[in-house]
Amino acid sequence: MPKNTTRPAKPPAGHHFKNLVAAPHFVYSSPQNSPTPPPPGVDAAVIANLVLTSANSKTLTETLLKPRRFRWSTDLVDKTLKRLWNHGPKALQFFKILDHSSHYSHSSSSFDLAVDIAARLRDYKTLWTLVDRMRSRRLGPNPKTFAIILERYVSAGKPDRAVKIFLSMHEQGCPQDLICFNTLLDILCKSKRIEKAHNLFKIFRGRFRADVVSYNILANGWCLIRRTSKALELLKEMVERGLSPTLTTYNIMLKGYFRSGQIREAWEFFLEMRKRKCELDVITYTTIVHGFGIAGEVSRARRVFNEMVEEGILPSVATYNALIQVLCKKDSVESAISVFAEMGRKGYVPNSVTYNLLIRGLCHAGEMDRAMEFMGKMKEDECEPNVQTYNLLIRYYCDAGEIDDGLGVFDKMNCEHCLPNLDTYNILITSMFVRKKPEDLIVAGKLADAVVFLGTSDCNLHLTCILLRSRIKG
DNA sequence: TTAGGGTTAG
């Protein structure tokens, strides 16, 4: 069996994951006999559903372009595209249908989303066709479009191609500047290609007038691969060139020390920051609380958490999340829940990260019923369970052999209009293979069909599906 | 959407 190695699908560049999952639960009934058009706020979920369930392109075109049926706007199109994120081919089909409509013209943000989707599918022909279309309509491509393209090429394992595209940007009507250069460095660093980024930096730092942001990006890159000494070396060079470190620079180093397990160095660095009267901020403290906690020093983490308030710096939801994660991992889920309660008393609104941390903590403690209860509570705080919430519950149920409960969560997910991703299918299909009940294979087969429908590029999962189908046929 | 903090388990 292929290992369960898929990661949650990357959200559209620059958009927070939570935007992808909001799922109002109203079902839109087709107004066949109704003379009035649907309300202007007709939900993207409804349209996404129509796109997903349409039999073919012709009927979908007719439905979408029916006069006065939908009031198309950039917002509605963008929301629909984000909803169809894990259904790339369908999303592009939707985009193309509207693109050919004479009553509606896409805006550049929708083009950027379509470019992102095509790039994620590694459908480079469509990608560049879209870019051409953008250009002919004078909507771009802009620096953001290129940032998306570069990021996708790098994550597809084509960093050299990305560099070439960057160097040819000006020929495509989008001149490079320092910001674009820094963006490329950051993309390379975030994909752990620090050497490549550093070499590029050395070649072009004069031409683009590299600044403290460029240095911070590279220092963070070295820290990401736990090479704090390389980061320090770079920062020394920065100072020699007359650039002053910023608070971001210090926070990067601090995180770097914790990441590489240099707890003592981290603490000394922090003391030094204080001694030099650096204006510490909430990020500094969140880094320390999380760093100490993950290193197992929970009481120190708590002490710093209390100290920050005395220093006049209020914790953020992220600080609470750091503490909650630490307590779940290194103390007990009960103490995490009491911090969660304290958070509420102080007027903080927990977000989906908070909930997912607690739900995971409860699952880990074997308290599946309470975990499900917590998921129910999310709506009270206006944060819908997202694909990660569902996936983690499904994973814990399946790992415990409770596949039927896992499938129950999967059904719930569908009812709430939260689209499953590759991870979801991977977890379910894999666990059904483990149980090997004949009736499971039927369900797994249906799931496999759904994966094929997704048009995924995940080879492992594809292989699983092919295997499944052949076993069911045999 | 130019840089720094908070979600897996193995």
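Remember, predicted model here, so these are calculated numbers, not experimental data. Chain letters run A, B, ... following the sequence lines, proteins first, then strands; residues in each count from 1. Every heavy atom of this structure was used, including side-chain atoms; hydrogens, water molecules and symmetry mates were not.
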Rounded to whole angstroms, how far apart are [atom1] on [X] and [atom2] on [N]?
X      : N     : atom1 : atom2 : value
A:M308 : B:dG5 : CE    : P     : 15 Å
A:I359 : B:dT8 : CD1   : C1'   : 14 Å
A:K330 : B:dA9 : NZ    : P     : 12 Å
A:N142 : B:dT1 : CG    : P     : 14 Å

Can a donor-acceptor pair under 3.5 Å be found between the side-chain atoms of [X] and the base atoms of [N]?
X      : N     : value
A:T287 : B:dG5 : no
A:N351 : B:dG6 : yes
A:T354 : B:dG6 : no

Which whole number of Å gives the distance between the C1' atom of B:dG5 and that of B:dA9?
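Roughly 23 Å separates the two C1' atoms.
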
Please confirm whether the shortest side-chain N or O distance from A:H290 to OP1 or OP2 of B:dG5 is below 4.0 Å.
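For B:dG5, neither OP1 nor OP2 has a side-chain N or O of A:H290 closer than 4.0 Å.
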
Distance below 4.0 Å between A:K144 side-chain N/O and B:dT2 OP1 or OP2
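For B:dT2, neither OP1 nor OP2 has a side-chain N or O of A:K144 closer than 4.0 Å.
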
Testing A:F258, A:F305, A:Y285, A:F270 one by one against A:F292 for a ring pair (Phe, Tyr, Trp, His ring centres under 6.0 Å), which residue passes?
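Answer after filtering A:F258, A:F305, A:Y285, A:F270: A:F258.
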
What residue among A:N351, A:V326, A:L358 forms side-chain contact (heavy atoms from CB on, under 4.5 Å) with A:N321?
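Single pass found, and it is A:N351.
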
Identify, residue by residue, the members of residues 160-188 of chain A with a heavy atom below 4.0 Å from DNA chain B, and return them in order of residue number, or none.
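Contacting residues: A:I179, A:N182, A:T183, A:D186.
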
Verify the ring-centre separation between A:H106 and A:F95: is it less than 6.0 angstrom?
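Close enough - the centres of the two rings lie under 6.0 Å apart.
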
Could you pull out the closest heavy-atom pair between A:C328 and A:V333, with the gap in Å?
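The pair with the smallest heavy-atom distance is SG-CG2, 4.2 Å.
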
